[in-house]
Structures are given as structure tokens and as C-alpha cells.
Asks: 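I have a structure I would like to understand better, so I am pasting it below and will then ask my questions one at a time.
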Number of protein chains: 2
Amino acid sequence: MDQRTYNQYCATARTLDLVGERWTLLLIRELLTGPKRFGDLQAGLRGLGTGLLAARLKHLEREGLAHKITLPAPARAPAYALTEAGEELGPAVLALARWGLKWAMGERRESETFHPGWAVLGLRSCFDAEAAAGLRAVYEFRIGEEVLHARIDDGAIETLHGPAQRPDAIITIGEEAFLGLTGHDHTLAEAIESGAASVSGDEEALRRLEELFRLPSPHDRKPAS
Amino acid sequence: MDQRTYNQYCATARTLDLVGERWTLLLIRELLTGPKRFGDLQAGLRGLGTGLLAARLKHLEREGLAHKITLPAPARAPAYALTEAGEELGPAVLALARWGLKWAMGERRESETFHPGWAVLGLRSCFDAEAAAGLRAVYEFRIGEEVLHARIDDGAIETLHGPAQRPDAIITIGEEAFLGLTGHDHTLAEAIESGAASVSGDEEALRRLEELFRLPSPHDRKPAS
DNA sequence: CGGCATCCATTTTGATACTG
DNA sequence: CAGTATCAAAATGGATGCCG
């Protein structure tokens with residue numbers, strides 16, 4: 001797995017030598033929203049067997065992109081987290097996500113799995129730093145079964161799995177309705193209207209929510225010409 | 001990944017379904033500096049056989065990321081170019097390059113190939129838009145056997161293979177000396193001093209050159225702890 | 001639950017030879 | 001030069017069993 005190198009003295013090629021194998025960037029995507037346990041990682045990556053997952057994790061550890069940790073009490077369970085180097089792959093993963101939002105997200109296919117955590121990372125990929133100037137707020141998203149939060153601090157954003165300590169605003173919405181948002185089927189206001197979503201907390205923070213994340217309108221890669 | 005898809009309704013996964021296979025992102029890297037012929041593509045991707053290259057190109061065409069063109073006269077030769085969708089993968093490729101410049105570029109290994117075109121893309125990845133505010137200039141780089149140019153227009157940059165029509169400044173340098181620049185072995189001024197490089201053209205444009213591109217200092221992914 | 005080992009069917013790849 | 005055709009060597013996916 002790392003004997004197969006591109007053998008090019010090129011920053012892109014060297015990076016892909018490290019994280020270009022199948023599953024690796026998705027593994028990093030999972031870890032970008034916080035440390036995860038072996039089983040949870042596998043749950044987020046259906047199709048990846050335990051053997052390959054273990055091999056990939058070992059590779060990331062050897063290369064200094066992730067490391068094994070012990071979750072704080074009371075969990076005390078083993079888990080994996082990104083190192084500083086791994087964390088800094090965030091911009092690259094988000095750039096891929098940003099492209100995908102614009103050029104590759106059509107209707108959800110029947111066979112495709114979906115986890116709200118991915119969506120929050122997608123949100124982060126279209127975060128508008130300028131629109132967040134001067135804003136300092138923590139949002140908690142409760143989407144389907146999952147809970148995530150985004151901490152925004154004047155142009156900077158951090159999105160992590162789990163509840164927030166002291167959220168300024170809470171958005172609760174079902175998976176289906178959330179997919180309707182990303183698919184431009186309806187707005188958040190409409191979802192609230194119809195009862196599919198509910199919000200609470202600081203009104204000012206909630207008002208600014210829609211400016212913060214600008215979902216690109218989907219484009220067709222193969223125009224009818 | 002034609003049949004082998006991640007099957008996730010996730011922007012990152014969908015993108016990797018399209019361009020995550022081996023060689024694909026490097027192929028796009030090659031095309032990001034302008035249209036290329038089949039043979040030139042293969043030259044830039046040592047190790048990629050003609051069969052796989054043809055398959056990858058066909059895949060990119062089918063997916064609307066690249067298309068086959070005929071070079072303008074007098075060449076009139078077949079070549080491949082990126083579509084708008086393909087072009088927009090630039091930010092993602094550059095993000096990977098930026099990461100690699102910081103975390104993965106140690107000494108050049110004996111077996112590694114090197115092409116100046118990669119370096120210019122690397123330069124572009126660390127282009128500082130703020131430092132280019134108000135600047136409008138075209139630089140021509142003659143590195144080893146290759147010629148490339150960068151057109152800078154007030155925060156925007158475009159880097160293409162080939163000579164510029166009307167360059168404001170020309171930088172001529174050998175491959176070895178150029179690698180010394182990226183490896184922080186010496187500065188451009190020192191290379192000029194020692195006769196390894198030479199510059200000509202607008203003095204103002206040349207003075208601003210070093211502010212425009214900020215090479216990150218290399219970091220160790222595995223600190224001695 | 002976490003994680004490694006093994007066996008096996010299927011894909012992907014790498015290298016080379018071959019054709020218009 | 002621009003590709004096709006072919007075949008051997010990896011990598012992957014899936015099932016399964018094991019051990020702490």
C-alpha cells in the first residue's frame with residue numbers, strides 16, 4: 001500500500017501517495033468531525049471491511065496523520081483522532097466537497113447511504129467567512145438520530161460531532177426534511193412552517209443562519225449542448 | 001470508479017467516485033496547465049500505461065470533466081482539455097498540493113521524476129492573493145527545458161504551459177537551481193548572484209515576485225515528541 | 001466491542017506487444 | 001503518435017473465525 005508510489009517529486013503526487021488510496025480520504029472525512037471509535041468508523045464507511053480499515057488506520061498512524069487515543073472518562077474506550085497534520089487536510093477534503101456539491105449531487109440514489117454528519121461537513125464546505133464577520137455563535141444541529149454542533153467565531157468555523165456545551169441556537173430537523181433543504185426542495189422557513197423542523201434559541205443567531213451557508217445551485221456536467 | 005462506487009450520498013464521496021481512482025487527479029493536474037496531447041500526458045505520468053491512460057481519459061470524457069479537442073493551426077493535433085467542471089477541480093488539487101508542500105516534501109528521492117510544470121502549479125498553490133492586490137503582470141518562467149507563464153490580475157492568477165504573449169518579466173533558471181529554491185537552500189537573489197538564474201523585464205514586477213508566493217516551511221509529520 | 005488472520009472471487013493495475 | 005489487446009500481479013470485498 002505504500003510500495004505503490006507515483007514516484008514524482010510533486011506536492012500533489014506526494015500527498016496522494018499518502019492519502020490517495022481507496023477509502024483513505026473518506027476515513028479522514030470521518031475523523032474531521034472528531035475522534036471516532038473503530039466500530040463507528042466502520043459504520044460510516046459501509047463496504048470497508050475490518051481488515052482493510054485496520055490496515056488504513058495503521059498506515060495513517062505510521063505516517064503521522066492520525067493516532068490512537070483513549071477517550072476521556074467515563075468512556076475510556078479506544079478511539080482514533082487526527083494529528084495536526086491530519087487535521088490540516090481539512091481544506092483539501094472540503095474543497096472536494098465543495099466541488100461535489102456543485103457538480104455531483106443530484107438526486108439521492110436508492111442504494112446510497114446517508115449520515116447527517118456528512119451533511120454538516122458539507123455545510124462547512126460552503127461556509128461564507130465574510131458573512132460571519134463579527135459573529136460569535138454556537139449552533140447545535142439535531143438531524144435525525146445524530147447531533148452535531150458548529151462553533152463560529154468571526155469568520156472561523158469548527159464543526160464537531162456531539163452536542164454543544166452551551167448552544168446559542170438549536171435546530172431540530174428530520175433526515176428527510178434536511179435532504180429537502182440541500183436539494184433546494186424547500187427552505188428552512190418552509191420546513192418549520194410544515195412542522196418538519198423546529199428551532200429555538202437566540203433569534204439574531206437564527207436569522208443569520210441562512211446567510212452563513214450558501215449552498216451552490218447544482219450544475220450539470222454534461223450540458224444538453 | 002465505474003462499478004466500484006462508495007454508494008454514499010455525500011459530496012466528498014460522490015467526488016471521489018468520479019476522480020478518486022488512481023492517476024485521475026494527477027491527470028487533472030496535468031490538464032490544469034493547459035490542453036495536452038496523449039503522449040505528453042503519458043510523459044508526465046511515468047508508470048501509467050497507454051491502456052489505463054486511454055481508459056481514464058474516456059472516463060473523464062463520459063463524465064463531462066474533459067473533452068477531446070483539436071489543437072489550433074498549425075498543430076492541428078488531437079489533444080485533451082478540461083471542461084468547466086474539470087477546471088473547477090483546480091482548487092481541490094491546489095489544496096492537496098498546499099498540504100503536500102508543508103507536510104510531505106522532504107528531499108527529492110533518487111527515483112523520483114520531476115517536471116517544472118508541477119513546480120509552477122506548486123507556486124500557484126501558495127499564491128498570496130492579498131499580496132497581489134492591485135498588481136497586473138505576466139511572468140514567464142523558463143525552468144530547465146520547460147516554459148510556463150503566470151498571468152496575475154489583482155488577486156487572481158492563471159498558470160499555463162507555454163510562453164507568454166507579452167511577458168512583463170522573464171525568469172530563467174535551471175532545474176537544479178529551481179529545486180534549490182523550493183528546498184529553501186538558497187533564495188532567488190542568491191541564485192542570480194551565483195549565475196544559476198537570471199531575470200529580465202519590469203523591475204517593479206520582479207521586486208514583487210517574492211511576496212507573491214509564500215512557500216511554507218516544511219513540517220515534520222512525526223515530531224520527535 | 002476491537003482488531004487481526006485467512007481464504008477466495010472479483011477488479012484494478014502495470015507491462016508489453018501490436019496496429020493504423 | 002494514438003491508441004487496442006493481452007496477461008500476470010496486486011488490491012479489494014466479503015465471509016468467517018479467533019482472541020483479549
Side-chain angles (χ1 to χ4, degrees), chain A residues 1-8 13 16-27 30-31 35-62 66-81 111-113, chain B residues 1-8 13 16-27 30-31 35-63 66-71 73-81 111-113:
Chain A
M1 59 182 82
D2 51 355
Q3 34 241 57
R4 187 171 266 182
T5 165
Y6 288 114
N7 254 313
Q8 298 183 349
L16 290 173
D17 275 341
L18 289 169
V19 299
E21 295 172 274
R22 189 164 166 78
W23 295 111
T24 305
L25 279 171
L26 291 187
L27 195 43
E30 292 295 312
L31 294 174
K36 297 244 174 331
R37 307 186 52 172
F38 190 93
D40 292 332
L41 286 172
Q42 211 193 0
L45 300 167
R46 198 174 299 235
L48 173 58
T50 59
L52 203 47
L53 174 54
R56 289 285 185 274
L57 285 168
K58 203 164 287 183
H59 173 72
L60 289 181
E61 277 190 83
R62 222 186 8 249
H67 57 155
K68 194 169 182 172
I69 62 171
T70 300
L71 256 26
R76 294 188 195 289
Y80 295 87
S111 60
E112 285 180 326
T113 60
Chain B
M1 315 239 165
D2 242 4
Q3 24 243 61
R4 189 168 272 182
T5 166
Y6 288 114
N7 255 313
Q8 298 183 350
L16 289 174
D17 276 341
L18 290 170
V19 299
E21 296 171 276
R22 188 163 166 77
W23 296 111
T24 304
L25 279 171
L26 291 187
L27 193 45
E30 292 295 310
L31 294 174
K36 297 245 175 329
R37 308 187 50 173
F38 190 93
D40 292 333
L41 286 172
Q42 209 193 1
L45 301 167
R46 200 173 299 231
L48 172 59
T50 58
L52 202 49
L53 174 54
R56 289 287 184 272
L57 285 169
K58 206 163 287 184
H59 172 72
L60 290 181
E61 278 190 82
R62 218 183 15 245
E63 296 298 345
H67 57 155
K68 195 170 183 172
I69 62 171
T70 300
L71 255 27
R76 295 188 194 287
Y80 295 88
S111 61
E112 285 180 325
T113 60

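It should be emphasised that the depicted structure is a prediction, and the values quoted were computed from it without experimental measurement. Labels below follow one simple rule: chain letters A, B, ... track the order of the sequence lines, proteins then strands, and each chain is numbered from 1.
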Asks: Rounded off to whole Å, could you give me the CG-to-P distance for the A:L53 and D:dG14 pair?
Replies: 14 Å
Asks: Return the nearest nucleotide to the side chain of A:K58; candidates are D:dA2, C:dC4, C:dT13.
Replies: C:dC4
Asks: Which is true for A:G49 with a 4.0 Å heavy-atom rule: it touches a base, it touches only sugar-phosphate, or it touches nothing?
Replies: nothing
Asks: With no hydrogens and no angle check, is any side-chain donor or acceptor of B:E30 less than 3.5 Å from a backbone partner on B:Q42?
Replies: no
Asks: Between atom CG in A:D17 and atom P in D:dA11, what is the gap in whole Å?
Replies: 13 Å
Asks: Among the nucleotides C:dT13, C:dA5, D:dT12, which one has an atom lying closest to any side-chain atom of B:R4?
Replies: D:dT12
Asks: Rounded to the nearest angstrom, tell me the gap between atom CG in B:L52 and atom P in C:dG14.
Replies: 7 Å
Asks: Distance from B:T24 atom OG1 to A:L16 atom CG, nearest 0.5 Å?
Replies: 10.0 Å
Asks: Whether the side chain of B:Y6 engages the backbone of A:R22 through a donor-acceptor N/O pair (distance < 3.5 Å, no angle test) should be reported.
Replies: no
Asks: Given that A:T50 and A:W23 both sit by DNA chain D, which one's nearest nucleotide is further toward the 5' end?
Replies: A:W23
Asks: Once you round it to whole Å, what is the distance between P of D:dC1 and CG of B:L57?
Replies: 16 Å
Asks: Rounded to the Å, how far apart are B:L48 CG and D:dT4 P?
Replies: 14 Å
Asks: Heavy-atom nearest nucleotide on DNA chain C for A:Y6 versus A:P78: which residue maps closer to 5'?
Replies: A:P78
Asks: Check whether any side-chain heavy atom of B:L57 sits under 4.5 Å from a side-chain heavy atom of B:K68, and report yes or no.
Replies: no
Asks: Calculate the interatomic distance between A:E21 atom CD and D:dA11 atom C1'; express it in whole Å.
Replies: 9 Å
Asks: Taking only the side-chain nitrogens and oxygens of A:Y80, find out if one of them lies under 4.0 Å from OP1 or OP2 of C:dG3.
Replies: yes
Asks: Out of D:dG3, C:dG3, D:dT12, which has the shortest distance to the side chain of A:R22?
Replies: D:dT12
Asks: Any salt bridge between A:E21 and A:R56, counting N to O under 4.0 Å?
Replies: yes
Asks: Would you classify A:G51 as touching base, sugar-phosphate or nothing, given that sugar-phosphate means primed atoms plus P, OP1 and OP2, and contacts are heavy atoms under 4.0 Å?
Replies: nothing
Asks: Atom NZ of A:K36 to atom P of C:dC1: distance rounded to whole Å?
Replies: 18 Å
Asks: When all nucleic acid strands are considered with a 4.0 Å heavy-atom cut-off, which category describes A:R46: base, sugar-phosphate, or nothing?
Replies: nothing
Asks: Roughly how far, to the nearest 0.5 Å, is the CG atom of A:L41 from the CG atom of A:L26?
Replies: 11.5 Å
Asks: Going through the checks in order, is the side-chain contact (heavy atoms from CB on, under 4.5 Å) test met by A:Q8 and A:D17?
Replies: CA-CA 10 Å; A:Q8 298 183 349; A:D17 275 341; over 6 Å; no
Asks: Okay, side chain of B:H59, backbone of B:L18: is any donor-acceptor separation there less than 3.5 Å?
Replies: yes
Asks: State which of D:dT12, D:dT4, C:dG3 makes the closest approach to the side chain of B:A54.
Replies: D:dT4
Asks: Only Watson-Crick and G-U wobble pairs, only distances under 3.5 Å, only runs of 3 or more: what stems does that leave for DNA chain D?
Replies: C:2-20 with D:1-19
Asks: Expressed in angstrom and rounded to an integer, what is the separation of B:D40 atom CG from D:dA2 atom P?
Replies: 7 Å
Asks: The side chain of A:R37 lies closest to which of these nucleotides: C:dG2, D:dT4, D:dT16?
Replies: C:dG2
Asks: Less than 4.0 angstrom between a side-chain N/O of B:K68 and OP1 or OP2 of D:dG3, yes or no?
Replies: yes
